[in-house]
Amino acid sequence: MQLKDVLILNGFKFNKRYGQNFLTDKNLLSSIVEKAGVGKDDTVLEIGSGGGTLTSAIAERAKRVVGFEIDKNLEPVLKTTLADFPNAEIIFKDIMKADMTEIEEILGGEYRVVANLPYYITTPILMKFVEEGSKVRSICVTVQDEVAQRLCAQPGSAEYGAITAGIDVVGNAKKIMKIDRKMFYPVPNVDSAVVNIEIDRKKYEGVDLKAYRDLVRAAFSSRRKTLVNNIINSYKIPRQDAERAVEAIGKDIMVRGETLSTKDFVRLSEILKK
Ligand code: SAM
């Protein structure tokens with residue numbers, strides 16, 4: 001049975017608030033899971049299982065898939081669509097209300113995240129797993145194309161922001177495909193893209209991540225201001241000290257935060273700590 005029929009049969013009503021736009025094309029779903037690097041020994045966390053189409057594509061390749069779904073109205077739908085997948089289980093809970101220890105205990109070891117994310121939780125979800133996930137190997141997310149561009153942006157570009165630098169310090173983000181809006185049911189008013197983030201906690205081994213994130217937040221706190229002015233405001237230090245720190249990484253005192261690379265932020269955060 002097609003997903004649309006299962007939804008109708010169960011009298012399911014879409015809830016816009018939860019960003020419910022489902023993917024149904026089997027080839028597309030299978031290609032996402034393949035590009036996410038999911039293999040037969042993997043445990044996968046899926047965020048937002050919807051009608052279970054991505055869940056079943058994951059279950060076909062992985063050892064186990066655990067889905068978190070906020071909308072309990074999807075329970076009868078998921079019972080039907082996942083009936084043939086004993087390695088798939090759904091937890092009806094708001095992922096934002098589950099703490100990382102609880103999530104990682106359920107998963108039981110290393111895992112990959114695969115999700116077609118609702119727009120309203122994209123940034124908090126990514127930051128949650130990038131910052132707090134201790135056993136996450138990769139995060140493959142379908143997001144609005146505009147967000148995908150931000151996740152993979154280069155320093156100095158308009159799309160480059162705190163989230164780009166926040167991810168790049170512990171991983172490598174790559175846009176792996178574009179998805180036309182027509183592939184979703186119901187059709188949203190923007191196109192999407194899939195981004196895969198391979199987590200690499202050794203990329204900047206030894207860096208104080210809290211100090212790094214404090215600096216990134218400060219650097220992007222006001223895009224109209226120079227990096228020096230943003231540092232003065234956030235760190236409450238004399239102008240001379242802020243200028244000296246920026247010059248110590250080989251940058252002009254008039255530079256703006258959004259031109260700094262991850263490496264620059266790492267070096268500057270170490271200097272500011274002192
Ligand atoms: N994975 C399905 C697919 O690809 O067709 C559904 C994707 S749909 C874009 C997002 C799903 O996330 C919806 O089913 C929605 O109910 C669910 N969702 C929204 N907010 C959530 C939250 N805070 N925690 C868990 N699931 C959530």
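Values below: every heavy atom of this structure, side chains too, minus hydrogens, waters and symmetry copies. Residue numbers count from 1 along this sequence. Because the structure is a prediction, the values reported are computed rather than measured.
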Worksheet item: When you measure from the side chain of N87 to the backbone N and O of A62, does any donor-acceptor pair fall under 3.5 Å?
Response: yes

Worksheet item: Do I32 and I179 come close enough that some side-chain heavy atom pair is under 4.5 Å?
Response: yes

Practice prompt. Check step by step if side chain to side chain donor-acceptor pair (under 3.5 Å) holds for S138 and R112.
Written response: CA-CA 5 Å; S138 65; R112 295 183 190 275; 2.9 Å; yes

Fill in: Side-chain donor or acceptor of N230 paired with backbone N/O of S222 under 3.5 Å
yes

Item to complete: Sequence neighbours left out, what passes ring pair (Phe, Tyr, Trp, His ring centres under 6.0 Å) with Y185? Give chain and number order.
Response: F14

Practice prompt. With side chain to side chain contact (heavy atoms under 4.5 Å, CB included) as the test, would you mind laying out the steps for F85 and V65 before giving the verdict?
Written response: CA-CA 10 Å; F85 298 98; V65 50; over 6 Å; no

Worksheet item: Taking atom CG of D71 and atom CD of Q20, what is their separation to the nearest 0.5 Å?
Response: 5.0 Å

Worksheet item: Does the T53 side chain pair with the main chain of T24, one donor and one acceptor, at a distance under 3.5 Å?
Response: no

Item to complete: Kindly indicate, with the supporting measurements, whether the criterion side chain to side chain contact (heavy atoms under 4.5 Å, CB included) is fulfilled by L54 and E46.
Response: CA-CA 8 Å; L54 181 57; E46 187 200 10; 3.5 Å; yes

Worksheet entry | Atom NZ of K128: over 12 foreign heavy atoms under 6.0 Å | yes

Fill in: Donor-acceptor contact below 3.5 Å, side chain S49 vs main chain E69
no

Contacts table for residues 237-254: side-chain donor-acceptor under 3.5 angstrom, sequence neighbours left out:
unit_1: R239; atom_1: NH1; unit_2: N229; atom_2: OD1; d: 3.3
unit_1: R239; atom_1: NH2; unit_2: N229; atom_2: OD1; d: 2.7
unit_1: D252; atom_1: OD1; unit_2: M254; atom_2: N; d: 2.8

Worksheet item: Do the charged groups of E270 and K274 touch, with an N to O distance under 4.0 Å?
Response: no

Practice prompt. Applying side chain to side chain donor-acceptor pair (under 3.5 Å), name anything that partners R181, two or more places apart in sequence or on another chain.
Written response: D191

Worksheet item: Is any side-chain N of the basic residue among E60 and K26 closer than 4.0 Å to the acidic one's carboxylate O?
Response: no

Fill in: Heavy-atom donor-acceptor pair, Y212 side chain to A165 backbone, under 3.5 Å
yes

Worksheet item: Do you see a donor-acceptor pair shorter than 3.5 Å between the side chains of Q154 and S157?
Response: no

Worksheet item: If two hydrophobic side chains count as joined below 4.5 Å and joins carry through other members, does V195 share a cluster with Y120?
Response: yes

Worksheet item: Can you find a heavy atom in the side chain of F129 that is under 4.5 Å from one in the side chain of I47?
Response: yes

Worksheet item: Any donor and acceptor pair, going by atom type alone, linking the side chain of N21 with main-chain N or O of P186 inside 3.5 Å?
Response: yes

Fill in: Donor-acceptor contact below 3.5 Å, side chain Y160 vs main chain L260
yes

Worksheet item: So, E110 side chain and K135 main chain: donor-acceptor pair closer than 3.5 Å or not?
Response: no

Item to complete: Work out which heavy atom in K63 is nearest to a heavy atom in T43; give both atom names and the distance.
Response: CE-OG1, 4.1 Å

Practice prompt. Report the C-alpha distance between T164 and T262 in whole Å, list the side-chain angles of each, state the deciding distance to 0.1 Å, and finish with yes or no for side chain to side chain contact (heavy atoms under 4.5 Å, CB included).
Written response: CA-CA 9 Å; T164 329; T262 305; over 6 Å; no

Fill in: N/O donor-acceptor pair under 3.5 Å between K175 side chain and Q149 backbone
no

Discussion item. Using a 3.5 Å distance criterion without hydrogens, assess whether the side chain of E198 forms a donor-acceptor pair with backbone atoms of N172.
Written reply: no

Worksheet item: Less than 4.5 Å apart, any side-chain heavy atom of S269 and any of D214?
Response: no

Discussion item. Against I103, only a single residue in V136, I95, V113 fulfils side chain to side chain contact (heavy atoms under 4.5 Å, CB included); can you say which?
Written reply: I95

Item to complete: Ignoring hydrogens and angles, state whether a donor on the side chain of S30 or N27 is under 3.5 Å from an acceptor on the partner side chain.
Response: no

Item to complete: Please examine the side chains of M177 and L28, heavy atoms only from C-beta on, and report whether any two atoms are closer than 4.5 Å.
Response: yes

